[in-house]
*Asks:* 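Starting off with a structure, shown below.
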Amino acid sequence: MTLKFYNTLTGHTDEFVSQVSGKVSLYTCGPTVYDSPHVGNWASYIYWDTLVRLLMVNEYEVKRVMNITDVGHLTSDADEGEDKLEKGARREHKTAWEVAKQYTDEFMEGMNELNLIIPQYITKATDYIPDQLNLIKILKDKGFTYQIDDGIYFETSKFPSYADFAHLDLENLKAGARVEYNPEKHSHSDFALWKFTAIGAKRDMEWETPRYLLDNDSEIKMGFPGWAVECSAMALTILGSTIDIHTGGIDHIPVHHTNEIAQSESVTGQKFCNYWLHNDHIKVNGTKISKSIGNGYKLSDLKSKGFTPIDFRMFVLQGNYRNESNFTFEGLQSAKNRLNNWRNISAIRHQINDTTESEEEINHNETTVSLYATPRAIIEALDEDIGTPEALRIIDEAFSRITRTSLNKINKKALIQLLELIDYTLGLKLIENSPDITDDAKRIIIERNAARSQQNWQKADELRDQLLKLGVLLRDTEKDSIWEYLDK
RNA sequence: GGCGCGUUGACGGAACGGUUACGUAGAGGUCUGCAAAACCUUUUAAAUGGGUUCGACUCCCAUACGUGCCUCCA
């Protein structure tokens with residue numbers, strides 16, 4: 001089996017080779033916890049969760065860090081730039097610490113609802129301040145930094161390959177800039193490693209700037225870390241100098257990840273990351289998600305319209321992570337219907353007996369053969385740059401074969417194995433969400449079958465109506481009566 | 001202003017230089033105690049105009065529209 005990913009670093013699809021055989025270090029840029037995540041944010045985490053599951057099914061041991069940015073992520077509303085957390089705190093009349101806690105909790109709850117595997121390391125930026133200061137110190141000692149009135153900056157001209165990763169045109173960036181920059185900056189692309197608290201201001205989150213970071217003639221000031229330095233510090237501290245895979249949104253390429261590479265490689269002198277994977281955004285109703293339009297739907301909005309987070313997960317998996325996609329409630333409904341069909345197929349496992357097919361019978365039963373082969377085909381589809389649409393197509397093909405097969409010809413063990421693999425790789429909770437029906441309902445089905453064989457249609461229909469009240473829908477095929485869930 | 005990306009049938013969404021993607025929804029039909037399902041069919045789907053080619057949805061150029069980054073962003 002060969003895993004392949006489109007690598008932003010090289011610009012083409014590369015075969016994946018980890019540094020240490022059987023092990024992968026993975027860094028995912030996590031949320032800035034100043035507001036509730038919207039469907040676009042979640043789509044990104046669903047993609048990367050699928051990546052983790054894919055690595056696991058390929059028998060990699062995954063060491064994964066996801067950061068929680070709870071300080072230092074600036075808005076650009078004013079010349080000064082404002083910390084998102086501090087701004088959120090003022091909006092909600094809370095402290096920045098309270099805001100961070102509230103939205104971190106909400107994020108974790110959402111991860112759970114979407115069935116996202118929790119990374120071993122969920123790191124808060126504020127817990128890694130010493131590591132960040134140490135990183136800045138190394139940069140200072142190596143001569144990559146300079147201090148101006150509002151902070152300590154990284155001198156990008158000293159990192160010659162700065163523009164390479166994002167293919168930046170630094171001259172024209174400067175020409176087209178729409179925002180006033182601190183004129184003390186040596187270059188437009190220089191970025192803050194450490195920002196000083198504005199004179200006369202008091203922040204909820206601030207730390208004393210160590211003497212060793214400051215120019216000799218400078219007074220001690222309070223300050224806080226720049227955004228990019230948080231990620232570098234946590235990645236290097238936990239995962240080491242070179243990580244295997246780094247993921248994030250496509251928007252991170254030109255600034256955030258470019259800065260991460262510059263400062264990390266300046267510190268270590270080694271390549272920061274071998275594979276960079278970026279997801280494209282989803283639009284909503286054909287336009288970008290934006291606060292002012294109010295189209296940044298949250299999980300709670302989906303739920304209030306009768307959709308589960310797993311429905312949304314299905315919706316996301318229908319597209320490829322590298323393509324821009326479009327979210328509509330009509331599309332979500334379509335995904336929900338598809339998922340419900342899958343749940344009904346999953347429920348067939350309750351309606352068939354353990355098979356005692358011999359090897360020979362298995363090899364001659366077309367349905368069984370293809371059922372046993374499908375997990376392999378799904379993995380191979382996913383191996384091709386997380387090819388979820390193709391994987392879904394293969395599942396539909398397999399399920400449609402099951403639908404056309406009479407119950408006594410379906411191999412229970414093979415079906416369960418397939419369902420388990422789908423749940424493992426795609427996280428759709430098919431097994432959990434396709435429980436068996438009650439004994440009462442089963443008894444009614446038996447009675448109805450008896451009535452039918454006596455051609456007592458009236459009684460049979462009454463019993464079928466009784467089942468509907470229990471949430472069980474019966475459909476009669478040539479040989480069997482198969483039950484499905486009513487809640488479509 | 002600079003640098004990119006996209007435009008596939010009602011909707012979502014793939015692959016591929018020549019063969020039905022697939023899903024969801026609608027319509028018609030077959031089958032059937034009834035219902036449901038299943039199965040079959042659903043007209044030239046490829047933004048527009050050129051070009052390359054024996055042949056293009058698939059490659060090249062232009063136009064239109066959409067969208068992204070350059071400023072915080074998944």
Side-chain angles (χ1 to χ4, degrees), chain A residues 28-32 34-35 37-48 69 73-77 79 81-84 87 166-181 188-189 227 247-256 278-283 286-291 296 314-315 317-342 344 381 384 387-397 399-400 403-405 452 455-458 460-461 464-465 468 473-478 480-482 484:
Chain A
T28 300
C29 280
T32 301
Y34 70 109
D35 204 349
H38 54 61
V39 287
N41 301 123
W42 285 124
S44 177
Y45 299 116
I46 290 170
Y47 294 135
W48 304 134
T69 299
H73 199 158
L74 297 182
T75 71
S76 63
D77 295 344
D79 290 349
E82 198 175 0
D83 189 309
K84 288 191 169 189
K87 190 182 177 187
H167 310 109
L168 299 175
D169 180 347
L170 295 178
E171 286 307 309
N172 280 317
L173 283 186
K174 191 173 183 180
R178 280 183 269 147
V179 172
E180 290 292 321
Y181 279 90
H188 169 82
S189 54
W227 184 37
T247 66
I250 196 172
D251 48 290
H252 281 151
I253 297 170
V255 180
H256 185 54
H278 291 99
N279 65 282
D280 206 332
H281 292 178
I282 70 173
K283 296 186 288 187
T287 53
K288 88 173 221 178
I289 295 175
S290 130
K291 285 244 164 66
M314 180 63 141
F315 173 84
L317 294 177
Q318 292 189 128
N320 185 277
Y321 77 98
R322 287 210 292 131
N323 291 346
E324 188 174 66
S325 65
N326 188 29
F327 174 87
T328 61
F329 279 102
E330 193 186 355
L332 185 57
Q333 182 66 51
S334 152
K336 181 187 178 69
N337 291 349
R338 189 182 205 177
L339 185 59
N340 277 330
N341 291 341
W342 286 19
N344 283 325
E384 202 63 38
T388 53
E390 173 69 6
L392 264 52
R393 192 191 66 77
I394 289 167
I395 293 166
D396 273 314
E397 213 170 63
F399 282 1
S400 132
T403 307
R404 282 185 265 120
T405 306
R452 283 186 79 215
Q455 304 206 340
N456 185 346
W457 308 125
Q458 194 188 343
D461 290 352
R464 189 165 63 197
D465 289 343
L468 281 178
L473 180 79
L474 266 194
R475 59 180 180 89
D476 301 324
T477 67
E478 218 173 307
D480 317 295
S481 291
I482 298 173
E484 296 186 343

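Just so we're on the same page: letters track the sequence lines, and every chain starts at 1. Below, each value reflects all heavy atoms present in this structure, side chains not excepted, and no hydrogens, waters or symmetry copies. Since the structure is predicted, the reported quantities are computational estimates derived from the model, not experimental observations.
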*Asks:* Which comes earlier along RNA chain B counting from the 5' end, the contact point of A:G331 or that of A:T403, where each point is its nearest nucleotide?
*Replies:*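 The answer here is A:G331.
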
*Asks:* Just by protein heavy atoms under 4.0 Å, how would nucleotides 23-33 of chain B read 5' to 3' in B, S and -?
*Replies:* BSS-------B

*Asks:* For A:G248, which contact category applies under a 4.0 Å heavy-atom criterion: base, sugar-phosphate, or nothing?
*Replies:* sugar-phosphate

*Asks:* Kindly state whether the pair A:H252 / B:A74 counts as stacked, where counting means centroids closer than 5.5 Å and planes tilted less than 30° apart.
*Replies:*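 A stacking contact does not exist, since A:H252 is not both close and nearly parallel to the base ring of B:A74.
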
*Asks:* Tell me, please, which residues at least two apart from A:H256 pass ring-ring contact (aromatic ring centres under 6.0 Å, His included).
*Replies:*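 Scan of A:H256 (ring-ring contact (aromatic ring centres under 6.0 Å, His included), adjacent residues dropped) gives A:W227, A:H252.
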
*Asks:* Within this structure, what is the CG-to-P distance between A:N320 and B:A15, rounded to whole angstrom?
*Replies:* 7 Å

*Asks:* Could you tell me whether A:H38 contacts a base, only the sugar-phosphate backbone, or nothing, with contacts defined as non-hydrogen atoms closer than 4.0 Å?
*Replies:*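 Base contact.
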
*Asks:* Indicate the atoms forming the closest heavy-atom contact of A:T388 with A:L317, along with that distance.
*Replies:*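 Heavy atoms only, the tightest pair is OG1-O, 2.8 Å.
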
*Asks:* Say we look at B:G4 and B:C16: how far apart would their P atoms be, to the nearest angstrom?
*Replies:*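 It works out to 25 Å between them.
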
*Asks:* For B:A45 and B:U20, measure between their P atoms and round to the nearest Å.
*Replies:*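 B:A45 and B:U20 have their P atoms separated by 13 Å.
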
*Asks:* For a quick check of understanding: with a heavy-atom distance under 4.0 Å over all strands, which category does A:L474 fall into, base, sugar-phosphate or nothing?
*Replies:* base

*Asks:* Sticking with atom C1', work out how far B:A37 lies from B:C31, rounded to a whole angstrom.
*Replies:* 11 Å

*Asks:* Taking only residues two or more places apart in sequence or in another chain, which ones pass side-chain hydrogen bond (donor to acceptor under 3.5 Å, both in side chains) with A:E397?
*Replies:* A:R393

*Asks:* For the side chain of A:E324, counting heavy atoms from C-beta on, which of B:G12, B:U67, B:A74 is nearest?
*Replies:*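 Output: B:U67.
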
*Asks:* Among the candidates B:C39, B:A74, B:A36, find the nucleotide nearest to the side-chain atoms of A:R404.
*Replies:* B:C39

*Asks:* Would you mind telling me which residue lines up with the more 5' stretch of RNA chain B, A:N279 or A:F327, judged by nearest nucleotide?
*Replies:* A:F327

*Asks:* Using the P atom as the point on both nucleotides, what is the distance between B:A25 and B:U58, in whole Å?
*Replies:* 31 Å

*Asks:* Which whole number of Å gives the distance between the P atom of B:A56 and that of B:G49?
*Replies:*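 Between the two P atoms, the distance is 15 Å.
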
*Asks:* Could you tell me the separation between the NE2 atom of A:H188 and the P atom of B:C3, rounded to a whole number of Å?
*Replies:*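 After rounding, the gap between these two atoms is 15 Å.
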
*Asks:* Any chance you could lay out the side chain to side chain contact (heavy atoms under 4.5 Å, CB included) test for A:N279 and A:W48, step after step, and finish with the verdict?
*Replies:* CA-CA 9 Å; A:N279 65 282; A:W48 304 134; 3.4 Å; yes

*Asks:* Once you round it to whole Å, what is the distance between P of B:A37 and CZ of A:F399?
*Replies:*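 In whole Å, B:A37 P lies 19 Å from A:F399 CZ.
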
*Asks:* Under 4.5 Å between any side-chain heavy atoms of A:M314 and A:W342, yes or no?
*Replies:*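 Result yes, sub-4.5 Å side-chain heavy-atom pair found.
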
*Asks:* Holding to side-chain contact (heavy atoms from CB on, under 4.5 Å), I want the full list of residues that pass it with A:T403, two or more places apart in sequence or in another chain.
*Replies:*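 In terms of side-chain contact (heavy atoms from CB on, under 4.5 Å), with neighbours along the sequence ignored, A:T403 is linked to A:I345, A:R475.
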
*Asks:* When you measure from the side-chain N and O atoms of A:H256 to the phosphate of B:C72, is any distance below 4.0 Å, counting only OP1 and OP2?
*Replies:* no

*Asks:* Test of understanding: with side-chain contact (heavy atoms from CB on, under 4.5 Å), list the residues that count as partners of A:D35, not counting sequence neighbours.
*Replies:*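 Partners of A:D35 by the side-chain contact (heavy atoms from CB on, under 4.5 Å) criterion, ordered by chain and then number, come out as A:R91, A:Y103, A:K291.
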
*Asks:* Check the distance between B:C72's C1' and A:I253's CD1 and give it to me in whole angstrom.
*Replies:* 17 Å

*Asks:* Between atom CD in A:E390 and atom C1' in B:A21, what is the gap in whole Å?
*Replies:* 8 Å

*Asks:* Tell me the closest heavy-atom pair linking A:Y47 and A:I282, and the distance in Å.
*Replies:*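 Looks like OH-CG2, 4.2 Å.
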
*Asks:* Write down the distance between CG (A:D280) and P (B:C5), rounded to a whole number of angstrom.
*Replies:* 12 Å

*Asks:* Just the rounded figure in Å: distance from P of B:A74 to CG of A:N326.
*Replies:*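 It is 20 Å, rounded to the nearest whole Å.
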
*Asks:* What is the nucleic acid contact for A:I282, judged by heavy atoms within less than 4.0 Å: base, sugar-phosphate only, or nothing?
*Replies:* base

*Asks:* If I take atom NZ in residue A:K283 and atom P in nucleotide B:C11, what distance separates them, rounded to the nearest angstrom?
*Replies:* 14 Å

*Asks:* In whole angstrom, give me the gap between the P atoms of B:G29 and B:U67.
*Replies:*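 To the nearest whole Å, 43 Å.
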
*Asks:* For atom P, what is the distance between B:C61 and B:G66, given to the nearest Å?
*Replies:* 22 Å

*Asks:* Of the nucleotides B:C69, B:A14, B:A37, which one has an atom closest to the side chain of A:N323?
*Replies:* B:A14

*Asks:* If you measure only the distance, is there a donor-acceptor pair under 3.5 Å linking the side chains of A:R404 and A:S400?
*Replies:* yes

*Asks:* Dot-bracket for RNA chain B, 5' to 3', with Watson-Crick and G-U pairs under 3.5 Å, [ ] for crossing pairs and | for other-strand pairs: what is it?
*Replies:* (((((((..(((.....[...))).(((((.......)))))....(((((..]....))))))))))))....

*Asks:* Given A:R452, which of A:D476, A:D461, A:D480 fulfils the salt bridge (charged side-chain N to carboxylate O under 4.0 Å, His left out) condition?
*Replies:*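 Going through the options one by one, the only one that passes is A:D476.
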
*Asks:* Using the P atoms only, state how far B:G33 lies from B:A47, rounded to an integer number of Å.
*Replies:*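 So the two P atoms sit 48 Å from each other.
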
*Asks:* Could you check A:F329 against A:L332 for side chain to side chain contact (heavy atoms under 4.5 Å, CB included), going step by step and ending with a plain yes or no?
*Replies:* CA-CA 5 Å; A:F329 279 102; A:L332 185 57; 4.1 Å; yes

